[in-house]
Amino acid sequence: MEREREDDPYEAIEYGDFGTYFRHKKQKLQLQQDEIAALAPPDLAQIFEGIVVYVNGYTDPPIHEIRNMIVQRGGEFRQYLSKSSITHIIASNLTQAKMKEFRNYKVARPDWIVESVKANKLLPWHNFNTLRIPGSLHRLESQSLTSLSFTRSPSIPQEPPSAVQAASLAGSASNDTYSASEIDASRDPTTETHQPSPDPLDDGEFFTEDLDLDQLELQLTPPNTINNTGVASYVKEPLSDTPLSGHENLNVLPTESADLANTDRASSFRSPDTPPPIAPTNGTVSIDSSPGIPHGVIAADVLDTRHPTLIELSVPWNRLNSSVLPGFVEKFYQSSRLHYLSTWKAKLREITAEIQKDKPRLSSISKDRVIMHIDFDCFFASVATRGKPELQNRPIAVAHGSGGSTSNSEIASCNYLARGFGVKNGMQLLKARSLCPDLLVVPYEFREYEDISIEFYKILLSYADELQAVSIDEALVDVTSRCRSTWGQTENTHGGPGNENDDNDMTQTDPGKLAERVREEIFQATGCHASVGIAPNILLAKLSTKRAKPHGQYIWPSAPGTEQTLRELRGPVSLLSSLDVECTPSSDSDKDSQSRTQDAQVEERQRAPKEFSVKDLPGVGYKTMQDLQDRFSVHTLYELQQVSKEELQRICGMKTGEMLFNSCRGIDDSTLASDREKARQSVSAEISWGVRFENQEQVNIFLQDLSKEVSKRLKEIDRKAKSIVMKVMKRKEYVHGHWKHLGHGPVDQFARTGQLPMYTDDPEIIAKEARNLLQYFKFDVLDLRGKFNF
DNA sequence: ATCCTCCCCTAC
DNA sequence: TAAGGTAGGGGAGGAT
Ligand SMILES: Nc1ccn([C@H]2C[C@H](O)[C@@H](COP(=O)(O)OP(=O)(O)OP(=O)(O)O)O2)c(=O)n1
Ligand SMILES: [Mg+2]
């Protein structure tokens, strides 16, 4: 099957006459749109760019007026509900049935369009939400550690370690000072997370150039199953936007037949695909006059008629850092922090599972669990500054390109001093420097991270009944057997950081003491500070750590679901509304705020429990946060507590809705996944940066290299695969703007699954099928961007 | 209902 | 310069 994401005019590749009919209708409509757009005054602000609307039912401004307003200002209009491509639905009111049908769409009243036009800017649609839930929201109610070690892959290139580092650290030390002091920004977990696909969040920037990305993904499947080769059929990519993208996924089966009980995913592929009934447009480079492309589409460089990819590759430096250069894949993986993060996680899971395999399962199920969550403070940044007093008082960030001031690489980790300026993990350097001009950029030290992590895990394993590796710098430990739980049925009246307790029970340590001991031990062993949260479940342990950061600890004071925990989760709200609450760490004594220095204020803010936002909950990212905001106007946990479980489930889904309902009350029954169990289900390799091709030969080499990578990983875990999924990205033609250097830029994504002739880990076989799957799309190599996923 | 497949989303 | 990877939970919607 071919799958395409994003708004491609041909996206809904529906088969049969029905689909053909709709497709024609759609094309016709888009032609009309182009005409309308062409007639529009050229200077209309394109406020609806990227908006694709479907109008349902009768509307106040008649539908054609709405259409004109939208199309003339860069938006698109769909005559039929094309679920995959629409961004919004316009409706004055909805029947019960429609409400249900549109549950997962953004439905706004017509005046959203009208008012936006008046304001000459795109207003937030949720202020015009047709489905807006009425009221109800703001009610006031309310051990064998020594064996632990990474088997280092060939060698971690240590970045331009010495050179750059020496220069930037020692050399510049005189100019800068590093500071360990943190400003509160600790709260925000919002480390700007990387968005893998075209995403509005991209740091507020729009893609202006092409992005590259290739991805190969293999899914593990049971070894015994045999399947047919998925011979690629040819399909032509319609006029669609320019960019081609493709990826392949391979489903792999465990070599040990038993493992993945053949969930033979492959079976789905057995039927040979029939090529989509679309006329092949062969990889024509599109200049695109494709329908649906909004104004402004004119290629950025009107003067240079060469293909954008060729223009990019004409810059020597770009060539040297793109996939046209042999050895690109290896080089990329040596430098990709996200690749390291993923690799480390897999390895740590494997290692800790192995270590814990023998020992009996201790707890994890009991009602009175004691869960400890440990997480290094700004890990990469801490490693950079440890033992370097001259760096302690400076805002620093770990990123590539520490050499010049023109670098716009992404920050992997910044220290808390930098966060005080608003700098965040994941932020691009130019933006970070605009917020914090004195930001010192230091290089990665991948080897160090590994070594430190091993020491870290050794220590934690010595305390663990059960341990779950979360990441290179973070773990969950069940310490029930050696820690006296303090939050039984009776509500704990105090709580708070650094909980003192002089209990010296031999076997049952006080949580506060335990946390102190662990933190100190970690610091002694690694020179880096970690924060610790201890609580009766995983959720509260993580929230405790968040509250403890940086360089602190927090013992959750009360049991899940209790009134006190509800108040704790509300943060300042409860402090304001109920002065009788005694758990306020910050004393009233220093109320003379006028005389306070900023530092003092900062300090106090750090100490006072912060109001938790929904984004603080594990599992709640940008999308869920937006949904809660749009549908319920909910931002904080306090507000979330006011919404019924039914409503949450209706909007967010059964599982997620229940999770949200429980989480905002501190309830979480999930257990530690110590990974002694289940085998991996898939193995994949993908690259979405620097992917640019001039000819098929380069594509083949790239696929070959990725196939080798996947093959290597399969062999490492002694598994084989038979099902493969190829994912590809194809650049959008019309987009203008700027995006990450050599990134994939605006793309459409495509996926195609196939079957290998047998369970295998042979790179040649994998590569062959990958080529077949990619060939199916018949994309112009110049438009290939990234993500060849096998 | 339940299962399955193809995504989207999340986390570090 | 720059290195936007990757595994797994879960939802939508069609097949059974
Ligand atoms: N967008 C991101 C987020 C994290 N990381 C890496 C660098 C971090 O140091 C490490 C750990 O991630 P954390 O989320 O734990 O962030 P920090 O440890 O940097 O800060 P803190 O835990 O104090 O919030 O993962 C990254 O490369 N890119
Ligand atoms: Mg950390």
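First the proteins, then the strands, lettered A, B, ... as listed; each starts at 1.
- Out of C:dG11, C:dG5, C:dG8, the shortest distance to the side chain of A:T656 is found at C:dG11.
- Note on A:N318: nothing from the nucleic acid sits closer than 4.0 angstrom, heavy atoms only.
- Across the protein-nucleic acid pair, A:W689 atom CH2 and C:dT6 atom C1' stand 19 Å apart, rounded to whole Å.
- Mapping A:E709 and A:G653 onto DNA chain C via the closest heavy atom, the residue that lands nearer the 5' end is A:E709.
- For C:dA2, the OP1/OP2 oxygens have no side-chain nitrogen or oxygen of A:Y333 closer than 4.0 Å.
- Minimum atom distance to the side chain of A:K655 is reached by C:dG10, of the listed C:dA2, C:dG10, B:dC12.
- Using a 4.0 Å cut-off, some side-chain N or O of A:T624 falls inside it from OP1 or OP2 of B:dT10.
- One donor-acceptor pair, N or O on each side, does fall under 3.5 Å between the base of C:dA3 and the side chain of A:H400.
- Between A:D473 atom CG and B:dA11 atom P the separation is 15 Å, expressed in whole Å.
- To the nearest angstrom, P of C:dA2 lies 11 Å from CD of A:E410.
- For C:dT6, the OP1/OP2 oxygens have a side-chain nitrogen or oxygen of A:H339 closer than 4.0 Å.
- Between C:dT6, C:dA3, C:dG8, one nucleotide has an atom nearer to the side chain of A:S684 than all others, and that is C:dT6.
- Phosphate contact (OP1/OP2 of B:dA11, side-chain N/O of A:S471, threshold under 4.0 Å): absent.
- The distance between atom CD1 of A:I538 and atom P of B:dA11, rounded to the nearest whole Å, is 15 Å.
- Listed nucleotides: C:dA3, B:dC12, C:dA7. Nearest to the side chain of A:R680: C:dA7.
- The interatomic distance linking A:M654 (CE) with B:dA1 (C1') rounds to 14 Å, in whole Å.
- Distance OH (A:Y340) to C1' (B:dA11): 20 Å, rounded to an integer number of Å.
- Considering only the side chain of A:S407, C:dA2 comes nearest among B:dT10, C:dA2, C:dA3.
- Side chain of A:K623, nearest nucleotide from B:dC9, B:dC12, C:dT6: B:dC9.
- For A:R713 and A:E709, the salt-bridge test passes: some basic side-chain N is under 4.0 Å from an acidic carboxylate O.
- At the phosphate of B:dC6, neither OP1 nor OP2 sits under 4.0 Å from any side-chain N or O atom of A:R752.
- Among A:V442, A:V398, A:T526, A:I452, the one residue that satisfies the side-chain contact (heavy atoms from CB on, under 4.5 Å) test with A:V383 is A:I452.
- For A:S314 (side chain) and A:I311 (main-chain N/O), a donor-acceptor pair under 3.5 Å exists by modelled atom type.
- Atom P of nucleotide C:dA2 and atom CD of A:Q428 are separated by 9 Å, given to the nearest angstrom.
- The separation between A:D616 atom CG and B:dA11 atom P is 10 Å, rounded to whole Å.
- A:L617 comes within contact range of the sugar-phosphate backbone alone, with a heavy-atom separation under 4.0 Å but no base atom that close.
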- For side chain to side chain donor-acceptor pair (under 3.5 Å), just list the numbers for A:H741 and A:N318, CA-CA rounded to whole Å, side-chain angles, deciding distance to a tenth of an Å, and then say yes or no. CA-CA 9 Å; A:H741 183 61; A:N318 286 347; 3.1 Å; yes

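- Remark: A:D375 does not engage A:K546 in a salt bridge, criterion side-chain N to carboxylate O under 4.0 Å.
- You'll find that the side chain of A:A685 is closest to C:dT6, out of C:dG8, C:dT6, C:dG5.
- Counting only distance, with no hydrogens or angles, the side chain of A:Q649 and the backbone of A:M654 share a donor-acceptor pair below 3.5 Å.
- One finds no side-chain N or O of A:K345 lying less than 4.0 angstrom from the OP1 or OP2 phosphate oxygen of C:dG8.
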